[in-house]
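Single-structure report; data block below.
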Protein chains: 2
Amino acid sequence: MKLEEAIKSTKFKSEVHKAVLHILYTAWWLKSVGAKELKEFGLTHEQYNVLRILKGKHPEQMCVRDIASRMIEKSSNVPRIIDRLELKKLVKRNTSTVDKRETVITITQGGIALLTASTLVMDEKMMKQFVLSEEEAVTLNILLEKIREIE
Amino acid sequence: MKLEEAIKSTKFKSEVHKAVLHILYTAWWLKSVGAKELKEFGLTHEQYNVLRILKGKHPEQMCVRDIASRMIEKSSNVPRIIDRLELKKLVKRNTSTVDKRETVITITQGGIALLTASTLVMDEKMMKQFVLSEEEAVTLNILLEKIREIE
DNA sequence: TTTGTATAAATGTATATACACGTATTTATT
DNA sequence: AATAAATACGTGTATATACATTTATACAAA
C-alpha cells in the first residue's frame, strides 16, 4: 500500500516532509508486523530487544545501564522491562559485587530457548520476505544516516 | 551519529536487517526531536497529529473513525487523544445529527492558533535543518515503499 | 415489529514511553 | 576523613499503544 493510501493524504509540503512521515509510518508498520509474530511467544518488541541484547553478551552479565545504551528507543524504561522478563523467569537479577549500585542481569536457559525460537520465526516471517535487495538496503542506510545529520 | 554508535552494535545479519533497525531508530530519533519542540506548546506528537488532521478539513467536522484512518500509527486510541485536546479546549466534541453513533470533532480557534504556531516552529527547527536533498528524499520514499512490499 | 448483525465510539487492562524524582553507593575534592 | 558531586537503579505520573470488551445506534431480514 502506498503511503498516500495508508494515511489518506496526498499533498506533502516537500519530498523531505513526505519522507519524515514515511519513516514514522514504516517504523510503525515494521513494529506491528513483528509484534504479531512475537505475540505467539508472549513477548513484546521491547522485551525481545532486551533478550537479544543479553544473548549477545551471554554468558557475561550486563548491568541495566549497559542494556539501556543498546536499546533502539533510548527512553525505554529498562528496569520495568526487566521486571516483566524476571516474572516470566527469562532473566535473573543480581546486585553487582563490584559496584553495589549496579544490578546485573543474566538471561536464563528458558530465556535463551524462547529467544532462539522467536528469532527463527522473526527471521523467516520478516527478514526473508522483504523484496528489498542488499544493494537497495545499503542506499537506504546511507539516506537514513543522512537525515539524522542536522545542519 | 552512526547507527553503530547509537545502538552499540557492529554486526548485522545483512544490510536489510540493519535497515530495519535503522528505520526503527530513525523514527525514534525523529519523534524525540519533534517532541522537544512540541513540548513548548504543551502538545504530544499524537495530539499534534490529530490537530493537523482536523485543520486539513476545517471548517468541516470529522468523525473519530475518519481521524483514526489518517493517523500514522493506526493503533492510536483516538477517543482518548481527543479527551486531552478537549480538556485544553483545542477541539470540540458533538454527537452527529445524521448518525447518532458518530461523534464529530471540530478544531477550535484556540486549536488553530496553537497548531499554526507549533507548525511554524516544527518546520523551521526540523524540516529546514535536514541535509537531505529533495532528490535523495525521492529515493528514500521509493525504498521505504519497497520495504513494505512483502513477498 | 422484532430480531439479528454490523458499526461507532467509549472504556478497561497490560505494557511502554517520556520524564522527574528519590535512594543507595561510589568517586572526587577539600 | 569528611563532604560534595556524580552515578545506577528504582519508582511515580501522565500519556500513548495494543487490543479486548461494552454500549448505543443503525439497518436489513424474518
Side-chain angles (χ1 to χ4, degrees), chain A residues 24-25 27-51 61-88 90-91 93-105, chain B residues 24-25 27-51 61-69 71-88 90-105:
Chain A
L24 296 175
Y25 177 71
W28 171 81
W29 182 86
L30 284 169
K31 275 203 234 182
S32 52
V33 171
K36 216 176 92 186
E37 303 300 335
L38 290 174
K39 216 187 165 181
E40 304 280 320
F41 299 93
L43 290 174
T44 65
H45 218 277
E46 298 67 27
Q47 290 171 10
Y48 178 71
N49 200 11
V50 169
L51 287 182
Q61 300 182 317
M62 289 180 84
C63 69
V64 174
R65 205 190 66 85
D66 207 357
I67 296 170
S69 73
R70 288 171 160 77
M71 296 293 283
I72 292 174
E73 319 218 341
K74 297 305 175 193
S75 35
S76 295
N77 198 330
V78 177
R80 260 188 301 240
I81 296 172
I82 292 170
D83 285 347
R84 272 127 215 171
L85 292 172
E86 202 183 15
L87 273 173
K88 289 185 274 192
L90 301 174
V91 304
R93 244 197 261 250
N94 280 104
T95 303
S96 164
T97 48
V98 184
D99 184 337
K100 285 181 194 157
R101 290 172 304 179
E102 286 185 349
T103 304
V104 286
I105 320 293
Chain B
L24 296 176
Y25 176 71
W28 171 81
W29 181 87
L30 284 168
K31 275 203 233 180
S32 52
V33 170
K36 217 177 91 185
E37 304 301 334
L38 290 174
K39 216 186 164 184
E40 304 278 320
F41 299 93
L43 290 174
T44 65
H45 219 277
E46 297 69 28
Q47 291 171 10
Y48 179 71
N49 200 12
V50 168
L51 288 181
Q61 298 182 318
M62 291 181 83
C63 70
V64 175
R65 206 188 66 84
D66 206 357
I67 296 170
S69 73
M71 295 293 283
I72 293 174
E73 321 218 342
K74 297 304 174 194
S75 36
S76 295
N77 197 329
V78 178
R80 261 189 300 238
I81 296 171
I82 293 170
D83 285 347
R84 273 127 217 172
L85 291 172
E86 201 182 16
L87 273 173
K88 290 184 275 194
L90 301 174
V91 304
K92 266 208 316 224
R93 244 197 262 250
N94 279 104
T95 303
S96 165
T97 47
V98 184
D99 184 338
K100 284 181 195 160
R101 291 172 302 179
E102 285 184 351
T103 303
V104 286
I105 320 293

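Residues of residues 78-85 of chain A having a heavy atom closer than 4.0 Å to DNA chain C, listed by number: Arg80(A), Arg84(A). Contacts between residues 64-74 of chain A and DNA chain C, counted as heavy-atom distances below 4.0 Å, involve Glu73(A). Within residues 40-51 of chain A, the residues that place at least one heavy atom under 4.0 Å from DNA chain C are, in residue-number order, Thr44(A), Glu46(A), Gln47(A).
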Give each protein N/O atom lying under 3.5 Å from an N/O atom of nucleotides 24-28 of chain D, with the pair distance.
| from | atom 1 | to | atom 2 | distance (Å) |
| --- | --- | --- | --- | --- |
| dA26(D) | OP1 | Lys100(B) | N | 3.1 |

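For Tyr48(A), the side-chain hydrogen bond (donor to acceptor under 3.5 Å, both in side chains) test picks out Thr119(A), with sequence neighbours left out. When the side-chain contact (heavy atoms from CB on, under 4.5 Å) test is applied to Lys88(A), the partners found at least two apart in sequence or on another chain are Leu43(A), Gln47(A), Leu90(A). In this structure, the side-chain contact (heavy atoms from CB on, under 4.5 Å) partners of Ser32(B), at least two apart in sequence or on a different chain, are Trp28(B). The salt bridge (charged side-chain N to carboxylate O under 4.0 Å, His left out) search around Glu73(B) returns Lys31(B), not counting sequence neighbours. Under the rule for a salt bridge (charged side-chain N to carboxylate O under 4.0 Å, His left out), Arg84(A) has no partner lying at least two apart in sequence or in another chain. Legend: residues meeting side-chain contact (heavy atoms from CB on, under 4.5 Å) with Asn49(A), ordered by chain and number and at least two apart, are Ile53(A), Met71(A), Ile72(A).
The side chain of Lys39(A) contributes an N or O atom lying less than 4.0 Å from OP1 or OP2 of dA20(D). The phosphate of dT17(D) (OP1 or OP2) has a side-chain N or O of Ser76(B) nearer than 4.0 angstrom.
To the nearest angstrom, P of dA20(C) lies 13 Å from CG of Asn77(A). Between Arg93(A) atom CZ and dC9(D) atom P there is a gap of 10 Å when expressed in whole angstrom units. One atom, CD of Glu86(A), and another, P of dG10(D), lie 9 Å apart when rounded to the nearest Å. Between the P atom of dA16(C) and the CG atom of Leu38(A) lies a distance of 12 Å, rounded to the nearest Å. Rounded to an integer number of Å, the gap from Met62(B) CE to dA9(C) P is 11 Å. Put simply, NZ on Lys88(A) is 14 Å from P on dA14(C), counting in whole angstrom units. Atom-to-atom, CH2 of Trp28(B) to C1' of dA16(C) comes out at 15 Å; the value is rounded to the nearest Å.
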When the side chains of residues 95-102 of chain A are checked against the rest of the protein, which donor-acceptor pairs come out under 3.5 Å, sequence neighbours left out?
| from | atom 1 | to | atom 2 | distance (Å) |
| --- | --- | --- | --- | --- |
| Ser96(A) | OG | Val98(A) | N | 3.1 |
| Ser96(A) | OG | Asp99(A) | N | 3.1 |
| Ser96(A) | OG | Asp99(A) | O | 3.4 |
| Asp99(A) | OD1 | Arg101(A) | N | 2.9 |
| Asp99(A) | OD1 | Arg101(A) | NE | 3.1 |
| Asp99(A) | OD2 | Arg101(A) | NE | 3.4 |
| Asp99(A) | OD2 | Arg101(A) | NH2 | 2.7 |

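Sorted by first and then second residue, the salt bridge (charged side-chain N to carboxylate O under 4.0 Å, His left out) pairs involving residues 74-83 of chain A (not counting sequence neighbours) are Asp83(A)-Arg93(A).
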